[in-house]
Amino acid sequence: MTQPSAKGAAVGRRIGIGLMYGFWKPRVLGAWRVPATGPVILAVNHAHNIDGPMLMGTAPRPVHFLIKQEAFVGPLGSFLEGIGQVKVDRESTDRNAIGNALGVLEQGGVLGIFPEGTRGEGDFASLRAGLAYFAVRSGAPIVPVAVLGSTERPGRLVKGLPALRSRVDVVFGDAFEAGDGSGRRTRKALDEATLRIQEHLTGHLKNARRLTGR
């Protein structure tokens with residue numbers, strides 16, 4: 001099993017900065033809340049395809065995202081692997097992806113997760129258990145992130161992207177621990193952690209909307 005490359009993720013961050021600030025106007029709030037060193041999980045709402053790249057280009061540290069395996073096709077697949085992203089099969093228990101994701105955290109890296117699993121309203125209404133598992137198993141703190149404005153104005157040339165030079169807000173929240181401190185990884189402990197996470201994420205989203213007026 002080849003561990004996702006930290007150098008690759010750093011290159012991905014530089015590419016993300018160039019593209020995101022080149023095409024849009026990101027406004028980043030609270031980036032100082034991301035711990036400067038050590039393992040951390042960024043939990044991001046998912047309303048638009050651009051939310052992942054936007055976070056890669058605005059986060060203060062390189063991010064290894066868990067990305068559905070369907071995206072790893074042809075040249076794009078090679079590119080995603082090259083910039084240290086983690087391929088995951090959402091239809092099964094993907095032990096390879098789990099090992100890679102935990103490896104990122106063990107090496108003190110940043111793991112990016114869309115806890116809703118798929119693109120939707122981006123309101124954290126339904127969380128999958130994966131986020132709780134990674135947080136409890138690794139002990140890494142979670143930083144909630146709200147990306148707002150990516151769906152407001154579709155572009156004129158490419159309808160699937162936000163309008164060029166439109167403002168997208170990226171709001172980082174306070175880091176928190178998902179587990180109860182006992183280190184338990186039972187089904188009950190993970191269910192409790194998922195509820196705890198949902199409370200933090202929905203609370204952060206509400207604050208982020210109030211802060212940005214969106």
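Taking all atoms of both residues into account, the shortest heavy-atom contact from Pro115 to Leu201 is CG-CD1, 3.8 Å. Smallest separation of non-hydrogen atoms from Ala43 and Ile142: CB-CG2, 3.9 Å. Closest approach of Pro60 and Ala31 over heavy atoms only: CG-O, 3.6 Å. The shortest heavy-atom contact between Asn45 and Ala146 is OD1-CA, 3.5 Å. Of all non-hydrogen atoms in Leu66 and Ala101, the two that sit nearest each other are CD2-CB, 4.3 Å.
Both Leu55 and Val11 belong to a common hydrophobic cluster when Ile, Leu, Val, Met, Phe, Trp and Tyr are linked at side-chain heavy-atom distances under 4.5 angstrom. Cluster annotation: Leu205 is not connected to Leu29 through the hydrophobic network of ILVMFWY side chains, with a link wherever side-chain heavy atoms come within less than 4.5 Å. Note: the hydrophobic cluster containing Tyr21 also contains Leu161 (ILVMFWY, side chain heavy atoms under 4.5 Å, direct or indirect links).
The closest side-chain heavy-atom distance from Val44 to Ile113 is not below 4.5 Å. In this structure, Pro162 and Ile50 have side chains that are in contact, with non-hydrogen atoms separated by less than 4.5 Å. Phe65 has its side chain out of reach of Leu111: every pair of non-hydrogen atoms, C-beta onward, lies at least 4.5 Å apart. Inter-residue side-chain proximity for Pro144 and Ile197 is flagged as unmet; no heavy-atom pair is nearer than 4.5 Å.
Partners of Val136 under the side-chain contact (heavy atoms from CB on, under 4.5 Å) rule, at least two apart in sequence or in another chain, are Arg185, Leu190, Ala193. With sequence neighbours excluded, the residues forming a salt bridge (Lys or Arg N to Asp or Glu O under 4.0 Å) with Glu81 are Lys87, listed by chain and number. Qualifying side chain to side chain donor-acceptor pair (under 3.5 Å) partners for Arg165, counting only residues two or more places apart in sequence or in other chains: none. Every residue two or more places apart in sequence or in another chain that forms a side-chain contact (heavy atoms from CB on, under 4.5 Å) with Thr186 is listed here: Arg184, Lys188, Ala189. In this structure, Ser138 has no side chain to side chain donor-acceptor pair (under 3.5 Å) partners at least two apart in sequence or on a different chain.
Sequence neighbours left out, not one pair with a member in residues 131-148 passes salt bridge (charged side-chain N to carboxylate O under 4.0 Å, His left out). Pairs of residues two or more places apart, or lying in two chains, never qualify as salt bridge (charged side-chain N to carboxylate O under 4.0 Å, His left out) while including a residue from residues 61-71. Applying the salt bridge (charged side-chain N to carboxylate O under 4.0 Å, His left out) rule to pairs touching residues 3-22 yields nothing, sequence neighbours excluded. Each salt bridge (charged side-chain N to carboxylate O under 4.0 Å, His left out) pair with one or both residues in residues 193-207, not counting sequence neighbours, would appear here, but there are none.
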Indicate every side-chain donor-acceptor pair of residues 71-80 with a distance under 3.5 Å to a residue at least two apart or in another chain.
none

Return a table of donor-acceptor pairs under 3.5 angstrom between the side chains of residues 167-178 and protein atoms on other chains or two or more places apart.
residue, atom, partner, partner atom, Å
Arg167, NE, Asp169, OD1, 3.1
Arg167, NH2, Asp169, OD2, 3.0
Asp169, OD1, Arg27, NE, 2.8
Asp169, OD1, Arg27, NH2, 3.4
Asp169, OD2, Arg27, NH2, 3.1
Asp169, OD2, Arg214, NH1, 3.0
Asp174, OD1, Arg33, NE, 2.8

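One N or O on the side chain of His64 and one on the backbone of Gly84 form a donor-acceptor pair closer than 3.5 Å. Put simply, the side chain of Thr58 gets close to the backbone of Met54: a donor and an acceptor are under 3.5 Å apart. Between the side chain of Trp24 and the main chain of Ala163, a donor-acceptor pair closer than 3.5 Å is present. When atom types are taken as modelled, the side chain of Gln85 and the backbone of Val63 share a donor-acceptor pair closer than 3.5 angstrom. Judged purely by atom type and a 3.5 angstrom limit, Gln3 uses its side chain to pair as donor or acceptor with the backbone of Asn100.
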Q: Verify side-chain contact (heavy atoms from CB on, under 4.5 Å) between Val34 and Leu42, making sure each step is shown before the conclusion.
A: CA-CA 8 Å; Val34 178; Leu42 300 182; 4.2 Å; yes
(Q) Using side-chain contact (heavy atoms from CB on, under 4.5 Å), reason through Met56 and Ile15 one step at a time and then give a plain yes or no. (A) CA-CA 9 Å; Met56 285 175 69; Ile15 293 170; over 6 Å; no
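Distance check, rounded to the nearest 0.5 Å: NZ of Lys25 to CG of Leu164 gives 11.5 Å.
Other members of the cluster containing Leu195 do not exist, because no ILVMFWY side chain is joined to it at under 4.5 Å.
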